[in-house]
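Order of listing sets the numbers, starting from 1, for every ligand and every atom in it. Quantities reported herein were computed from a predicted structural model and do not represent experimental measurements.
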Amino acid sequence: MERNIPELKPRVVLAVGAHPDDLEFGTSGSAAAWASAGAEVHYLICTDGSKGSDDVNLSSAELIKLRRDEQRAAAKILGVKSVTFLDHEDGVTEANAELKRDIVRVIRQKRPDTVVAQDPLMVYNADFGIINHNDHRNVGLAAMDAVYPLARDHLSFPELMAEGLEPHKVSDLLFMGNFDERSNYYVDISDTYETKLKALEAHASQVDMERVNGWLDAMSKRLGEAGGYERAESFIRLNMFI
Ligand SMILES: [Zn+2]
């Protein structure tokens, strides 16, 4: 079936990630590009980021605060307008009704035309030698279900209607697809690549720039080549028919 898919020009973007730093790796070059083109970009971080540290002297509470501060600093560098934290427990996220409702609430508040999320079909990648984190898969799945049908249907989560949050229809869902050959949409990040690096540097407690610099450089160029730019981030774009 041939469909006329319009060019994507986001006006309001909601990027949904599991942990502080996920969105910097997957979509921060694009977020900065969209923001500088005049779009309103919002971040939603679903877990409290309380587990991912080797530092035995750091308590979960200290880690949560540190990771939030780093995420806010990164967002500021990118021109992201707001960051919402849902505080689901790090490491054991389930794509359950509670998480979906919490994401629907933010979709109905921010009313994005474009939602960016983690790809729920990305389970592992043998070429890169990675298992995709449980939270990434489940937050991606919950975000997808939140976009359709839950944010759209007024009978879903009636408590949100009681909060004054009207149903909302999202036009485009972009799954962050940097590892995925199914990517069908590329954003030119040639002008925002340095900003992406600065935003990643803001996550000083968990991102070792010396370790990731070479990989980021090669990846952004490889995706740029695929998309026809110097550097790019890639996505699986789902333009919503219904
Ligand atoms: Zn993560």
Side-chain angles (χ1 to χ4, degrees), residues 13-31 41-55 58 60-75 77-78 80 83-96 99-100 102-103 106 115-125 127-146 173-180 183 196-213 215-216 219-220 223 233-236:
V13 178
L14 177 67
V16 184
H19 310 116
D21 90 356
D22 290 349
L23 298 175
E24 272 59 58
F25 279 108
T27 191
S28 62
S30 306
V41 183
H42 301 279
Y43 267 16
L44 172 61
I45 308 298
C46 293
T47 76
D48 57 17
S50 62
K51 298 292 194 297
S53 173
D54 300 330
D55 186 347
L58 212 54
S60 264
E62 288 168 325
L63 194 57
I64 290 168
K65 176 165 186 325
L66 181 62
R67 292 282 156 85
R68 279 188 178 212
D69 290 347
E70 290 175 347
Q71 182 61 84
R72 287 198 187 96
I77 290 164
L78 299 165
V80 168
V83 188
T84 306
F85 298 93
L86 291 184
D87 289 342
H88 284 249
E89 190 182 347
D90 190 354
V92 292
T93 310
E94 291 176 28
N96 57 20
L99 177 59
K100 291 175 190 179
D102 289 349
I103 298 173
V106 179
V115 168
V116 183
Q118 285 153 316
D119 180 3
L121 290 184
M122 162 60 176
V123 180
Y124 59 83
N125 187 303
D127 290 339
F128 288 90
I130 52 173
I131 296 169
N132 195 21
H133 194 290
N134 165 81
D135 296 348
H136 298 172
R137 306 192 307 263
N138 283 321
V139 166
L141 187 61
M144 185 178 83
D145 292 346
L173 178 56
L174 298 179
F175 289 122
M176 296 185 275
N178 287 342
F179 296 102
D180 203 299
S183 294
K196 175 178 178 135
L197 294 183
K198 286 200 182 78
L200 277 161
E201 274 169 28
H203 294 279
S205 76
Q206 61 176 338
V207 178
D208 178 351
M209 292 306 290
E210 276 187 26
R211 211 172 144 223
V212 298
N213 248 325
W215 174 80
L216 285 166
M219 176 71 81
S220 65
L223 296 174
E233 285 168 347
S234 77
F235 301 89
I236 301 165

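At least one N, O or S atom of His19 sits under 2.8 Å from the Zn ion (ligand 1). Inclusion of Asp135 in the first shell of the Zn ion (ligand 1) is not supported: no N, O or S atom falls under 2.8 Å.
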Before giving the answer on side-chain hydrogen bond (donor to acceptor under 3.5 Å, both in side chains), spell out for Asp135 and His19 the whole-Å C-alpha distance, their side-chain angles and the decisive distance to 0.1 Å. CA-CA 8 Å; Asp135 296 348; His19 310 116; 2.8 Å; yes
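When only modelled atom types and interatomic distance are considered, His88 and Asp102 share a side-chain donor-acceptor pair under 3.5 Å.
Between OD1 of Asp22 and NE2 of His136, the angle at the Zn ion (ligand 1) works out to 110°, rounded to 10 degrees.
Salt bridge status for Arg68 with Asp87: present, with a side-chain N to carboxylate O gap under 4.0 Å.
Glu24 pairs with exactly one of Lys196, Gln71, Lys198 by the side chain to side chain donor-acceptor pair (under 3.5 Å) rule, that one being Gln71.
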